[in-house]
Amino acid sequence: MFIGHFAVAFAAKRAAPRTSLAVTFVAAQFADLLWPIFLLLGWEQVRIAPMGNPFLTLQFTRYPWSHSLEMNVLWAVVFGVVYFAVTRNANGAAIVPLVVMSHWVLDLVTHRPDLPLSPTGLSRAGLGLWNHPAATIIVECAMLAGGVAIYSRVTQSRDRQGRFGLWALVAFLLALYAASLVSPPPPSTTAIGWSALIGWPLTLWPWWVDRHRES
Ligand SMILES: [Zn+2]
C-alpha cells in the first residue's frame with residue numbers, strides 16, 4: 001500500500017490532536033522508511049519483475065527486519081517509548097504505536113503472500129489486493145480522501161500556508177502515486193533504495209503544514 005498509509009497518518013490527528021502530522025507520517029510509513037536503508041545495506045532484498053500490473057513490479061523476496069509482523073510490533077513499541085521520552089505526551093504515545101502497526105495490517109491487505117510473520121520464520125502472509133489494480137486504486141484513494149477529510153475537520157488553518165500547504169501536499173501525494181503507476185520499472189534495486197529514501201525528507205512537508213494549522 002502507498003497513499004493508504006498517509007490516510008492513516010492524517011486520520012490519526014483526531015485521536016492524537018497534539019501530535020504533529022510529521023510524527024504520524026513517519027509512524028504510518030515506518031516500515032517503508034526503514035526498508036530502503038536495509039535494502040541499501042544489503043540486509044533485505046527485492047527483485048524487479050515487470051508483469052503488466054504496476055503493483056506487482058517489485059517482488060519482495062526478503063524483508064524480515066522492516067516488514068515482519070514481530071519486528072513491526074517491536075518498532076511500534078520503540079516508537080511509542082521514544083515519542084513519550086521526547087514529548088511526555090501520553091495520549092500521543094498511546095496512539096503512535098497503533099499507527100506504526102497499521103502499516104503491517106494495510107500491507108497485509110494489499111501484498112501477495114510475502115509478508116513474514118517473524119524475522120526468522122518461513123511463514124508469509126498477504127491477501128493480495130494488488131492483484132486487482134483498479135480495486136487497489138479505488139480503496140487507496142477513498143482512504144486518502146477519508147483521512148484528509150478527518151484531518152481538515154479536526155484542524156483549522158492559521159493562515160494561507162496552512163490551507164494551501166495542505167492541499168498542495170495532498171496533490172503531491174496523488175501525483176507521486178500516479179507516477180509510481182505509470183513510470184517504467186526501476187533500472188536497479190539500488191535505484192529503488194535511493195528513490196525510496198524520499199520518504200524521509202518528505203516528512204518536512206506535513207511538519208510545516210501542521211505548524212500552520214491548529215487542532
Ligand atoms: Zn510497506
Side-chain angles (χ1 to χ4, degrees), residues 1-35 55 66-67 72 75-76 79-80 82-84 86-87 89-111 129-130 135-181 196-215:
M1 181 155 285
F2 183 16
I3 53 174
H5 295 306
F6 300 118
V8 176
F10 280 114
K13 191 71 174 178
R14 177 141 124 200
R18 285 180 297 121
T19 301
S20 169
L21 185 63
V23 172
T24 58
F25 255 62
V26 171
Q29 297 178 85
F30 200 56
D32 286 354
L33 290 173
L34 296 177
W35 179 66
F55 292 105
S66 65
H67 273 78
N72 270 257
W75 297 130
F79 203 104
V82 171
Y83 180 78
F84 183 73
V86 173
T87 64
N89 172 356
N91 161 252
I95 298 302
V96 288
L98 298 177
V99 178
V100 173
M101 275 316 301
S102 75
H103 187 100
W104 198 87
V105 175
L106 293 178
D107 275 5
L108 175 71
V109 174
T110 50
H111 282 231
L129 180 62
W130 275 346
T136 305
I137 293 168
I138 291 168
V139 168
E140 290 210 70
C141 289
M143 284 180 68
L144 185 68
V148 173
I150 290 170
Y151 179 79
S152 66
R153 209 169 324 131
V154 298
T155 64
Q156 219 166 27
S157 50
R158 293 182 209 271
D159 50 30
R160 284 162 59 92
Q161 281 133 297
R163 189 174 326 132
F164 296 113
L166 172 62
W167 297 115
L169 172 61
V170 174
F172 181 74
L173 294 175
L174 285 170
L176 262 189
Y177 189 46
S180 76
L181 297 181
L197 286 173
I198 188 184
W200 288 102
L202 181 64
T203 306
L204 290 171
W205 199 336
W207 170 78
W208 173 76
V209 165
D210 209 61
R211 279 173 58 92
H212 290 272
R213 301 182 67 91
E214 56 194 325
S215 297

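For the single chain, residues carry numbers from 1 onward in sequence order. Note that the structure is a prediction, hence the values are computed from the model and not measured.
Atoms CZ and CG, on F10 and D210 in that order, are 9.5 Å from each other to the nearest 0.5 Å. If you take CG on L33 and NE2 on H5, they are separated by 10.0 Å, rounding to the nearest 0.5 Å. Rounded to the nearest 0.5 angstrom, W75 CH2 and S66 OG are separated by 9.0 Å. Interatomic distance, S215 OG to R14 CZ, rounded to the nearest 0.5 Å: 13.0 Å. Atom CH2 of W104 sits about 10.5 Å away from atom NE2 of H111, to the nearest 0.5 Å. Distance OG1/T19 to OH/Y83: 3.0 Å, rounded to 0.5 Å.
Classification of the F55-W130 ring pair by plane angle, with boundaries at 30° and 60°, yields parallel.
Between the side chain of T203 and the backbone N or O of V26 there is no donor-acceptor pair closer than 3.5 Å. Distance alone, capped at 3.5 Å, places no donor-acceptor pair between the Q156 side chain and the E214 backbone.
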Where do L202 and F172 land on the side-chain contact (heavy atoms from CB on, under 4.5 Å) test, with the steps shown first?
-> CA-CA 10 Å; L202 181 64; F172 181 74; 3.5 Å; yes
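With no hydrogens or angles considered, a side-chain donor-acceptor pair links H103 and D32 at under 3.5 Å. Under the 3.5 Å distance criterion, with hydrogens and angles disregarded, no donor-acceptor pair is assigned to the side chains of N72 and H67.
Taking a cutoff of 4.0 Å between a charged side-chain nitrogen and a carboxylate oxygen, R213 and D159 do not qualify as a salt bridge.
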